[in-house]
Amino acid sequence: MGASVQKYELSLKWSKSSAGYVWGDCEPCDVWGRAFKDWDEKERKNFGELLGLPPSGPFLVELDPRSPRTHLEPLENSLLFAEFADIPTSQDSFLIWANKYGRLIDVDTDIENHYFIFPEHIDFSGETVWRSGGKATGLNLIKPDPLGSWLEEHNALSFAVMLWELLQNNDPRLNALIEWSHGSRQMRVNKIKKTEFERIDFDRFMADESYKWSCPVVQDVITNTQDGVNLPWLFKMGKTLDAHKASLIYLQRLTTRKLAEYPVNVSFPDEVGKKPHNVLQPSNLLSAMWYQFYLVLAGEIRLRRCAICGKWENMEGHRSTWSKHANCANYGRVKRAREKKRCKTASEI
C-alpha cells in the first residue's frame with residue numbers, strides 16, 4: 001500500500017484596528033493606571049524584579065480603541081514573510097505595514113509581562129478610572145507594543161531571508177557571514193543588516209586581511225549541541241562543513257526557535273460531510289510568517305525575485321525559466337520602443 005497523503009489547511013483569523021495605528025509616547029503603568037514612576041521603593045523591589053524593566057517607546061497604539069475591528073486573512077498572501085523582510089527598517093514602514101495587516105502579535109495574549117501603557121493622544125470623556133489622583137479612561141490601558149520589538153523581529157526575519165537568498169544564489173559573500181572557531185568547535189554567524197551588507201567592499205575584504213567593515217555586527221554563536229544532545233559531526237572543522245551547509249543548519253535552528261516562541265497550533269475541525277483534515281493555525285502574524293519561511297526551507301514554497309522590479313514571486317504554476325512579471329516585461333518592451341523612437345527622431349533632426 002502506498003503512503004496516504006495527509007491534507008492540511010493553513011489558516012489565520014486576524015484582525016486590525018479599522019481606525020488605524022500611530023506611534024505614540026506612552027507611559028508604562030500598572031493595571032490600575034498608576035504610572036511606574038509613581039511606585040515607591042518597596043513596590044519597585046517587589047514587582048520590578050518580577051516584571052522586569054518597563055518597556056521604552058515609542059509604542060504602536062490604536063488611534064481609537066473603540067473602533068470596530070477589521071477581519072482579514074493575511075495568509076492568502078503566501079509570500080507575506082518575504083514582503084515583510086523586504087520593507088525598510090523604519091517607523092514609517094512598520095506603521096504602513098500595521099495599517100495594512102495589523103500588529104505582529106496579539107498584545108493582549110502574547111506579551112507575558114504585566115505592564116500596561118497609557119497613550120497620551122487618547123482622551124475620552126465619561127469612561128474613567130482613577131489614575132494617580134486624577135481621572136483617566138480605562139480604555140487607554142493596553143499592553144505595550146514597543147518599536148524595539150518591531151525592530152528585533154524585522155531584523156531577524158530580514159537577515160534569515162537574506163542569508164537564504166545568498167545560499168540559493170551560491171553567492172561567495174556567504175563566507176563572510178560564517179566564521180569558524182575550531183578550538184571551541186563553534187560557528188559564529190555575523191548578523192548584518194541588509195542595507196549595511198550591500199555597502200561592504202567584499203573584494204577588498206577577501207584580499208586584505210586588515211580590512212574591517214565599519215557596520216554594526218551582531219554575532220549568533222552556534223555550538224555542536226542542541227537541546228543537550230551532542231552532535232559531533234556538525235563542527236569537526238570549517239573545511240569539512242562548508243558555509244552553505246552551515247548556513248542551512250543555522251536557518252533551520254533559527255526557524256525552530258522562532259516557531260517555539262510563536263507556535264503553530266493544530267486542530268481537526270468538525271465539519272459535517274467533509275473528510276477529516278488538519279488545520280494549522282499560527283498563533284499570530286509572526287508565527288504565520290516564520291511558518292511560511294519554514295515551508296521555503298522545506299521546499300514546499302518556491303520563490304524567485306523578478307529580474308526587473310526585484311519583488312518576490314511564488315513559482316507555483318510558473319515554468320522553471322520564469323524570470324520576470326508579465327507587466328514588468330511589457331513595461332520594459334514599451335520603454336525600449338520609446339527610447340528607440342526617441343533616438344531615431346533625434347537623428348533625423
Are F84 and W97 near enough that their ring centres are under 6.0 Å apart?
yes
Centroid separation under 6.0 Å, is that true for the rings of F197 and F202?
yes
Heavy-atom check, side chain of [X] versus side chain of [Y], under 4.5 Å:
{"X": "E300", "Y": "Q292", "answer": "no"}
{"X": "N284", "Y": "L104", "answer": "no"}
{"X": "M289", "Y": "L157", "answer": "yes"}
{"X": "W150", "Y": "W23", "answer": "yes"}
{"X": "L286", "Y": "E261", "answer": "no"}
{"X": "F94", "Y": "L60", "answer": "no"}
{"X": "L12", "Y": "Q281", "answer": "no"}
{"X": "W290", "Y": "L254", "answer": "yes"}

Intermediate values then yes/no, side-chain contact (heavy atoms from CB on, under 4.5 Å), T89 and T195
CA-CA 9 Å; T89 308; T195 52; 6.0 Å; no
Closest non-hydrogen atom pair between [X] and [Y], with its separation:
{"X": "H154", "Y": "I87", "result": "NE2-O, 3.0 Å"}
{"X": "V264", "Y": "S287", "result": "CG2-OG, 3.4 Å"}
{"X": "N175", "Y": "A243", "result": "OD1-CB, 3.5 Å"}
{"X": "L303", "Y": "A82", "result": "CD1-CB, 4.2 Å"}
{"X": "Y291", "Y": "L280", "result": "OH-CD1, 3.1 Å"}

Could you check T70 against S15 for side-chain contact (heavy atoms from CB on, under 4.5 Å), going step by step and ending with a plain yes or no?
CA-CA 5 Å; T70 298; S15 66; over 6 Å; no
Run the numbers on L177 and F159 for side-chain contact (heavy atoms from CB on, under 4.5 Å), then give the verdict.
CA-CA 11 Å; L177 298 180; F159 179 78; 4.3 Å; yes
Atom OH of residue position Y294 - does it have more than 12 heavy atoms of other residues, nucleotides or ligands inside 6.0 Å?
no
If you count the non-hydrogen atoms of other residues, nucleotides and ligands that lie under 6.0 Å from NZ in K193, is the total more than 12?
no
Considering residues at least two apart in sequence or located in another chain, which fulfil the salt bridge (Lys or Arg N to Asp or Glu O under 4.0 Å) criterion with K16?
none
Among all residues two or more places apart in sequence or in another chain, which pass the salt bridge (Lys or Arg N to Asp or Glu O under 4.0 Å) test with R257?
D220
S90: which residues meet the side chain to side chain contact (heavy atoms under 4.5 Å, CB included) condition with it, sequence neighbours left out?
P88, D92, S93
[atom1] of [X] to [atom2] of [Y]: how many Å apart, nearest 0.5 Å?
{"X": "L174", "Y": "E165", "atom1": "CG", "atom2": "CD", "value": "12.0 Å"}
{"X": "T255", "Y": "W164", "atom1": "OG1", "atom2": "CH2", "value": "12.0 Å"}
{"X": "E153", "Y": "L285", "atom1": "CD", "atom2": "CG", "value": "11.0 Å"}

Under a 3.5 Å distance rule, please check whether D25 uses its side chain to pair with a backbone N or O of P58 as donor and acceptor.
no
